[in-house]
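Lettering follows sequence order; numbering is per chain, from 1.
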Protein chains: 2
Amino acid sequence: MGQTDTVTRILDTAEVLFAERGFAETSLRHITSKAKVNLAAVNYHFGSKKSLIQAVFARYLDPFTERFHAALDELEARYAGGVIPLEELLETMARTVLEVPAERNSLKVFMRLLGLAYSQAQGHLRRYIQGQYGGVFSRFTELVRRATPDLPDAERFWRLHFMLGTVIFTLSGLEALRDIAEKDYGEQVSVRDLVRRLRPVVVAAMSAPLPDATFPAAEAS
Amino acid sequence: MGQTDTVTRILDTAEVLFAERGFAETSLRHITSKAKVNLAAVNYHFGSKKSLIQAVFARYLDPFTERFHAALDELEARYAGGVIPLEELLETMARTVLEVPAERNSLKVFMRLLGLAYSQAQGHLRRYIQGQYGGVFSRFTELVRRATPDLPDAERFWRLHFMLGTVIFTLSGLEALRDIAEKDYGEQVSVRDLVRRLRPVVVAAMSAPLPDATFPAAEAS
DNA sequence: CCTGATGGTAAACAGCTGTTTTAAATTTAC
DNA sequence: GTAAATTTAAAACAGCTGTTTACCATCAGG
């Protein structure tokens, strides 16, 4: 192997470029030239560009799911079959999300990738992620369900996705927002600071009053 | 002119394809063939693909800004220099956002485009939108500032973006989420329904308690 | 020393991209 | 009716895309 493994050099370069420019806008030639690797190496090691994209995600999501499962195990044990409070669940998820990329100083990249996974059409990616990592998410939502028994199922579903949107949108567009914030308020914004600000907002959103019932005979839409 | 203007036929087709697949993934040939228009017509009428993308946005954002300015005028007149309540401001914004594409039944497209404008790197687009339509947004945030005098400026800034994330993320990924929701809860979800669910969440989030102050000597990050 | 992998390289492939060019058709103005 | 200006049409352009091919290096086991 070279000074660093060719495979990891490709992954390291690819994830940064993907995060910066998106998948379609990042060519294999751009990746390989920046990684100082031969063009064919990508297809040799990964088979295709699609698989490379999935590999980039797997390198984050595999450790994430493992740690998250472990953290939930620990939590369930601590509460011994009782109900785990919502704050505790959210806190645990946030901590795990931050832990994984922290080791490589790449939270920004990780979040941006998550955002792309949602926004870019890339059907194969959503299917891959859903199939590979849908399990942890189900486990988490089930625990959230027990923590918020008053919330109708549909309402909880939507609110969870609202908050997912908040977090991914904010942290993935962080670069741009940070620039504006600093210009307007001269304030240095760290991720840690943002998470601190996010917490009360997410909690308040999840415990907001239920919406007024719609009149059953409202016009169709 | 043909049965319908060539220019509008291009725009109609382009916005749908852009919304479905993103900008880079949508070729001019795809657009023109589906619009039954000659390939060169795009470059003839719009000059370039970039300009076509901007034109697609302008067709939504121009009427939006006009109406939104008018609605804010009306609101300021009604409250005669006094403070406009936050709920009123949010309500007005929501109403205007829904009004514009309602005439063409293309809210889904509009939201998806907004999401793309944020998530796709496309530097020129963000610059164009910021330069062309930054004004209304500034006016709106200033009114929000007066409506929430207790909120520190930075906190308000971030919360507004949190909520922007929630709305854009949800409504732009609506297709996918709708599929999941229907499968899981057998529920038909209309945009109107979603907006109804969003309202209490957004209000609660904006009025959430302030986060605990960080200890000044916390470790850097 | 030969054999057979394994990892890496350069070149070529077919296909699609946005854009331009050239020519024909159509509309408008006088 | 003729001339000028728009608009459409088809073809060609250069450039980039992901992928494949054929070839070379390195090195282990026999």
Side-chain angles (χ1 to χ4, degrees), chain A residues 1-59 113 116-117 120-125 127-128, chain B residues 1-59 113 116-117 120-125 127-128:
Chain A
M1 91 178 84
Q3 47 180 7
T4 46
D5 201 32
T6 303
V7 173
T8 33
R9 224 167 43 248
I10 292 175
L11 286 174
D12 287 344
T13 314
E15 69 170 25
V16 172
L17 291 180
F18 285 154
E20 281 175 358
R21 327 163 69 87
F23 303 117
E25 295 87 345
T26 303
S27 69
L28 293 184
R29 282 172 178 78
H30 194 171
I31 297 173
T32 52
S33 75
K34 195 169 180 199
K36 293 195 209 308
V37 156
N38 188 268
L39 169 61
V42 170
N43 283 282
Y44 177 79
H45 285 287
F46 297 94
S48 70
K49 188 180 181 181
K50 277 187 189 176
S51 308
L52 170 61
I53 296 176
Q54 296 179 354
V56 165
F57 274 87
R59 204 161 58 136
L113 288 176
L116 287 178
Q120 304 250 135
Q122 297 279 54
H124 76 98
L125 227 192
R127 265 176 278 131
Y128 171 76
Chain B
M1 93 177 84
Q3 49 179 6
T4 47
D5 200 33
T6 302
V7 173
T8 32
R9 221 164 49 246
I10 292 176
L11 286 173
D12 286 344
T13 314
E15 68 172 25
V16 173
L17 291 179
F18 284 155
E20 281 175 358
R21 328 162 69 85
F23 303 116
E25 296 87 345
T26 302
S27 71
L28 293 183
R29 282 170 178 80
H30 194 171
I31 296 173
T32 52
S33 76
K34 195 169 180 197
K36 293 196 210 307
V37 156
N38 187 266
L39 170 61
V42 170
N43 282 283
Y44 176 80
H45 286 288
F46 298 94
S48 69
K49 188 180 181 181
K50 275 187 189 179
S51 309
L52 170 61
I53 295 176
Q54 296 179 354
V56 166
F57 274 87
R59 204 161 58 135
L113 288 176
L116 287 178
Q120 304 250 135
Q122 296 280 51
H124 76 97
L125 228 191
R127 264 175 278 132
Y128 171 78

Roughly how many Å is it from [atom1] in [X] to [atom2] in [N], rounded to a whole number?
X	N	atom1	atom2	value
A:F46	C:dG7	CZ	P	12 Å
B:Y44	C:dT26	OH	C1'	12 Å
B:K49	C:dT20	NZ	P	15 Å
B:N38	C:dT19	CG	C1'	13 Å
A:H45	D:dG18	NE2	C1'	17 Å
A:L17	D:dG18	CG	P	12 Å
B:F23	C:dG18	CZ	P	13 Å
A:N43	C:dT6	CG	P	19 Å

| Atom CZ of B:F18 and atom CG of B:L113: how far apart are they, to the nearest 0.5 Å? | 9.0 Å

| Separation of A:L52 CG from A:L28 CG (nearest 0.5 Å) | 7.0 Å

| query | Between C:dG8 and A:T6, is there an OP1 or OP2 to side-chain N/O distance shorter than 4.0 Å? | reply | yes

| request: Please identify each residue that fulfils side-chain contact (heavy atoms from CB on, under 4.5 Å) with A:L17, with sequence neighbours left out. | output: A:T13, A:E20, A:R21, A:T26, A:H30, A:I31, A:K34

| query | Hey, does B:T32 reach any base, or is it just sugar-phosphate, or nothing, if we go heavy atoms under 4.0 Å? | reply | nothing

| task | Describe the nucleic acid contact of A:A40 in one word from base, sugar-phosphate, nothing, applying a heavy-atom distance below 4.0 Å. | result | base

| Where each residue is assigned the nucleotide of DNA chain D containing its nearest heavy atom, which of A:G47 and A:S27 is assigned the position nearer the 5′ end? | A:S27

| message | If we ignore hydrogens and angles and just use 3.5 Å, is the side chain of B:K49 paired with the main-chain N or O of B:F23 as donor and acceptor? | response | yes

